[in-house]
Amino acid sequence: PVAPQQDKGCDCSMPSGFVRTVLSISGRCVFFLIVIFGLSAGSSASTAQSLAGAGALGSSALSLTAEEQAYLFAHPVLRVHNETDWPPFNFNTEGRPEGYSIDYMNMLAEKLGFQVEYVTGPTWDEFLQMMRDGELDVMLNIADTSGRREFLAFTSPYVEATAGIYVHNTSTGISSMADLAGKTLAIPQGFFFQEILTNYYPEIKLLLLEDVLATLEAVAFGRADATIGKVGVLSYVINKHFISNVKLAGQLSDTRFTNFMSLATPKSNTILRDILQKGMDLITEQEEIALRRKWSTYKEPAQQKQGIR
């Protein structure tokens, strides 16, 4: 994706085919109206900081610096990635962003007083490139790796998920990573698995594809010996697309494949990372429990299911 213009209100900065959804979080609208009508065009950032410091932004428990308050005033809308099919964490139903990570981001938006513009359509690898190019403000449910730290800044993890290995129903003798030596493993291009596999499992042949569904289809049709991924996500996709000839062969014992999911901003925008972290620190244990309960029992409506491509 290419961003020839920096005007965030202009659709031309997004490649054709991408879906953009704006979710308005109105928790602090009054503050922004006061600022808009109370500041002249030549006002300095210090004036905005003064207004924000009066307590109009965030809750009493939130302690933002003057610079952070000014940042949110200058950037009231954040562009955040929304995947098409990575439930129960991050997916899209008929143009509506949904999932654990979406609810989590919306909660942060309400606590911090900004709006979210969800960007749907790119592949995971394309989302990463958008972060490199400054076309996206935040990525959700992303693992912190040494390679990604070269261009991203991470918050602490907010959820974790274990990984499993999936094979064809007729396959025998594959239940661990050691069993994949010399065999072909399908994974989505750009997933953090790719970095781990390249560094620690060079004997495994990688088939890099666009998404989770494509990796499962590669196993189903014999193009790959196995795929790996989050058990809840892959099981969901298998059921949704009626992939009846792929099975879970076992959990991965290598904890490097456990996905500790964080939020990420471009490395050049650590102030936003710090703001998000402060908002995350305000989320209560009760709120996290409610989110886990909601999405641990999620089941897709039957009418949305479709056959394997």
Side-chain angles (χ1 to χ4, degrees), residues 23-32 35 45 48-82 88-90 97-118 131 136-146 148-149 151-162 192 230 255 258-296:
L23 173 67
S24 296
I25 305 296
S26 58
R28 305 295 179 268
C29 289
V30 174
F31 162 69
F32 289 114
V35 172
Q49 294 166 8
S50 176
L51 283 172
L57 180 65
S59 71
S60 59
L62 180 63
S63 176
L64 295 181
T65 66
E67 184 183 10
E68 290 166 345
Q69 293 164 0
Y71 179 91
L72 286 182
F73 165 68
H75 304 86
V77 180
L78 300 182
R79 298 203 294 186
V80 179
H81 108 279
N82 170 226
F89 299 104
N90 190 344
E98 293 189 288
Y100 185 103
S101 294
I102 299 298
D103 282 356
Y104 192 88
M105 189 68 195
N106 293 344
M107 192 181 302
L108 287 178
E110 185 173 5
K111 289 180 182 293
L112 292 166
F114 58 80
Q115 296 180 341
V116 180
E117 177 186 342
Y118 287 109
M131 293 291 281
L136 202 62
D137 296 309
V138 181
M139 280 194 74
L140 307 174
N141 44 260
I142 182 169
D144 182 350
T145 69
S146 58
R148 290 174 176 174
R149 277 182 231 123
F151 63 100
L152 296 175
F154 292 88
T155 67
S156 60
Y158 62 93
V159 68
E160 67 178 84
T162 58
F192 81 103
K230 303 298 160 282
T255 56
T258 299
N259 193 345
F260 296 94
M261 297 182 237
S262 301
L263 305 180
T265 67
K267 189 174 182 179
S268 60
N269 198 3
T270 56
I271 186 172
L272 176 57
R273 186 273 313 276
D274 294 342
I275 291 170
L276 294 173
Q277 185 63 62
K278 288 183 177 181
M280 292 170 66
D281 293 341
L282 290 181
I283 293 179
T284 67
E285 182 179 359
Q286 290 73 22
E287 288 172 326
E288 290 183 337
I289 290 173
L291 274 183
R292 287 197 295 269
R293 285 176 176 170
K294 175 181 177 180
W295 292 107
S296 64

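Sequence positions, counted from 1, serve as the residue numbers for this chain. Here the structure is a predicted model, which is why all the values come from computation and not from measurement.
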| field | Asp274, Asn269, Leu64 screened by side chain to side chain contact (heavy atoms under 4.5 Å, CB included) with Tyr71, the one that passes | value | Asn269
| message | So His81 and Leu140, do their side chains get closer than 4.5 Å, heavy atoms only? | response | yes
| request: Measure up the Tyr100 and Phe89 rings against each other and bin them: parallel (under 30°), tilted (30 to 60°), perpendicular (over 60°). | output: perpendicular
| Taking atom OG1 of Thr162 and atom CG of Asn259, what is their separation to the nearest 0.5 Å? | 10.0 Å
| Donor on one side chain, acceptor on other, Glu110 and Asn106, under 3.5 Å | no
| query | Heavy atoms, side chains only, cut-off 4.5 Å: are Leu282 and Leu62 in contact? | reply | yes
| Rounded distance (nearest 0.5 Å) linking atom CG of Leu72 with atom CG of Leu78 | 7.0 Å
| task | Search all heavy atoms of Ser63 against all heavy atoms of Glu68 and return the closest pair with its distance. | result | O-OE1, 4.2 Å
| task | Find the distance between OG (Ser296) and CG (Leu291) and round it off to the nearest 0.5 Å. | result | 10.5 Å
| query | CE of Met280 to CE of Met105: how many Å apart, nearest 0.5 Å? | reply | 10.0 Å
| Any side-chain heavy atom of Val77 within less than 4.5 Å of one from Val116? | no
| query | Between Ser101 and Asn141, is any side-chain donor less than 3.5 angstrom from a side-chain acceptor? | reply | yes
| note | d(Tyr118 OH, Ile102 CD1) to nearest 0.5 Å is 4.5 Å
| request: Tell me, with the steps shown, if Ile142 and Phe192 meet side-chain contact (heavy atoms from CB on, under 4.5 Å). | output: CA-CA 8 Å; Ile142 182 169; Phe192 81 103; over 6 Å; no
| message | Using the salt bridge (Lys or Arg N to Asp or Glu O under 4.0 Å) criterion, which residues pair with Glu288? Sequence neighbours excluded. | response | none
| Between Thr265 and Leu152, does a side-chain contact (heavy atoms from CB on, under 4.5 Å) hold up when you go through it step by step? | CA-CA 6 Å; Thr265 67; Leu152 296 175; over 6 Å; no
| Minimum heavy-atom distance Ala143-Phe154, with the two atoms named | O-CE2, 3.5 Å
| Minimal non-hydrogen separation, Met131 against Asp137, with atom names | CE-O, 4.0 Å
| query | Could you walk me through whether Asn82 and Glu98 pass the side-chain contact (heavy atoms from CB on, under 4.5 Å) check? | reply | CA-CA 8 Å; Asn82 170 226; Glu98 293 189 288; over 6 Å; no
| Can you find a heavy atom in the side chain of Asp103 that is under 4.5 Å from one in the side chain of Trp295? | yes
| Any donor-acceptor N/O pair, Thr145 side chain to Arg148 backbone, under 3.5 Å | yes
| note | Ala161 and Met261 have their tightest heavy-atom pair at CB-CE, 3.8 Å
| said: Any donor-acceptor pair under 3.5 Å linking the side-chain atoms of Ser156 with those of Gln277? | reply: yes
| message | Quick check for you: to the nearest 0.5 Å, what is the distance between Leu276 atom CG and Phe114 atom CZ? | response | 5.5 Å
| remark: Heavy-atom closest pair (Ile283 atom, Lys111 atom, distance to 0.1 Å) is CG1-CE, 3.8 Å
| said: If you apply the rule side-chain contact (heavy atoms from CB on, under 4.5 Å), what do you find for Val80 with Glu117, and how did you get there? | reply: CA-CA 6 Å; Val80 179; Glu117 177 186 342; over 6 Å; no
